[in-house]
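One structure is given below, encoded as structure tokens.
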Amino acid sequence: MTPEQTPLPNQTINAAEQAQNGQPRQAEYRKLPAVDALLRQPAIALLAAEHGATAVTDAIRALLDAQRSAIAGGRTAPAVDAWPALVDAYITERNLPSLRPVINATGVIIHTNLGRAPLSEAARQAVQAITEPYSNLEYDLAAGARGSRYDHARDLLCELTGAEDAVVVNNCASALYLVLSVFCRDLEVIISRGQLVEIGGGFRIPDVLRQSGARLVEVGTTNRTHARDFADAITPETAALLRVHSSNFRQIGFVTTPELGELVTIARQSVAQNSGAHGAAALPIVIDDLGSGALLSTAPFGLQAEPTAQESIAAGADIVTFSGDKLLGGPQAGIIVGRAELIARVRRHPMMRALRVDKMTLAALEATLRSYQNGRALQEVPIWRMISASEAEMQARAAAWSTALQARGIQTQLRQAQSAIGGGSLPGETLPTYVLALSAEENLLPSGLVIAWAAKLRQQPTPVICRIQDQHLLFDPRTVLPAQEEALIQSIRNVYADLS
Ligand SMILES: *Cc1c(COP(=O)(O)O)cnc(C)c1O
């Protein structure tokens, strides 16, 4: 609700007044003070000293307009001494940033709508350390000459994935687009029909292929594609065999896709047969678009094994692309790793400049990767802490919330439930958890109020996003950062006090 829409407690709709031909309304309009008179009020003068005269004058004008409409609608004018609070509330609301922290109580760990991966402490500190002063972003300190921004995360990425070289762009979509533009423009890319997928937000693999200038060659069928389908489709025009990880959906039943290693074997045989067909470049290459791009295995946590970047490199993929803010748990970025001579060509492409990342991304990415290098990612990278947290830990946290709320007379339940990975990773795979459940009835409120309760939670100073299921609000501790627990409890209490 914007300040203009907020009815004042002393403004009541008076039907009798409305009926009286507008006369009392004229009296109400006259109660609205002049801008100058308001600016002379000491409390408002203080606001002007703090926020600037222009901001306060603008606020007064906007509020006066709103009050005139309110009076036209039958409300009464606010008392003169209510104005400082009105102006203050208006300015506070207007100064709220549009992009704000929220509490994710949904239990979806990589929530694309909620900013995907929360950054580690080390990543946040690295961003802060690099943004205040100047930095060696593109400066080679040893040589005292121009350097490359892409050197910063390079060695860590190579070490962690086993690749010869690495480069970082804006996100995985741009990574894939760039790689296809570099190697496949006006040439053919072979892909299984089962992998012509839409990732989300309208991002469709066939569209990206066409935009890059590549010619799409579909092989196999929706459910079954064999290695020989790829082998049979190769022509002298084939630039790449593309595997796209079907990250956000799963096919079950009569399903086959070739292993990455089989595609590598087919590509190598073909290169051997037409060496020299494309000048220096030995085509076709194998491109593996992983999307989620884990560096740790998800298998120890009772989940299906999500393919890791190092497995793809070990299987012989020439180029592997993955996101920085999915299972890597870092900033938004698109990571391209692979063979040195290929990455060198990617780095030289003119589009590289258009898709480049800034120093904050590189600082956060380097710090995140360092946690993997130190073997401390499970403890330090928030999404891995969430993935590896036990059901018992979730039960204890939800129980503590419950105690804190019941102390204020709020009735709660603990329920067994499932957390999801999200971010287009591991569809249908869940982690057992305990959630705090709140219902309107148990709190002696009308049952329809759960929707209002959820809406008011989203309007709190730190908005709370939760799940609604069979008339209950569900709060999953797995995705609530420990530092946000107090704000969560306080918000639930505030809204309860408001509604009851
Ligand atoms: C998520 C995903 C992408 C896009 O990654 P962004 O970082 O969101 O651009 C591309 N390919 C696959 C397979 C994905 O899962």
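Just the heavy atoms: all of them, side chains too, but no hydrogens, waters or symmetry mates, feed the values below. Numbering of ligands and ligand atoms starts at 1, following listing order. The model shown is predicted, which means the values in this text are computed figures rather than measured ones.
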Does NZ or CZ of R224 come closer than 6.0 Å to the centre of the six-membered ring of F254, within 45° of the ring's axis?
->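 Yes, a cation-pi geometry.
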Please say whether more than 12 non-hydrogen atoms of neighbouring residues, nucleotides or ligands are located less than 6.0 Å from [atom1] in [X].
X	atom1	answer
M352	CE	yes
Q251	CD	yes
Q211	CD	no
I252	CD1	no

Tell me the protein heavy atom at minimum distance from [atom], and give that distance in Å.
atom	value
atom 7 (O) of ligand 1	S323 OG, 2.6 Å
atom 9 (O) of ligand 1	A173 N, 2.8 Å
atom 10 (C) of ligand 1	D289 OD2, 3.5 Å
atom 1 (C) of ligand 1	K326 NZ, 1.3 Å
atom 15 (O) of ligand 1	S247 OG, 2.7 Å

Distance-only, no hydrogens or angles: does the T479 side chain make a donor-acceptor pair with backbone N or O of N104 under 3.5 Å?
->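 Yes; judged by distance alone, with no hydrogens or angles, the pair exists.
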Provide the number and element of each atom of ligand 1 under 4.0 Å from a heavy atom of [X].
X	answer
H245	13 (C)
G291	2 (C), 11 (N), 12 (C), 13 (C), 14 (C), 15 (O)
F203	10 (C)
R116	6 (P), 7 (O), 8 (O)

Salt bridge (Lys or Arg N to Asp or Glu O under 4.0 Å) contacts touching residues 159-184 (sequence neighbours left out) =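 Listed once each, the pairs are R154-D165, D165-R347.
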Quick check: does I199 get an N/O under 3.5 Å from an N/O on ligand 1?
->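 No - when backbone and side-chain N and O of I199 are compared with those of ligand 1, no distance drops under 3.5 Å.
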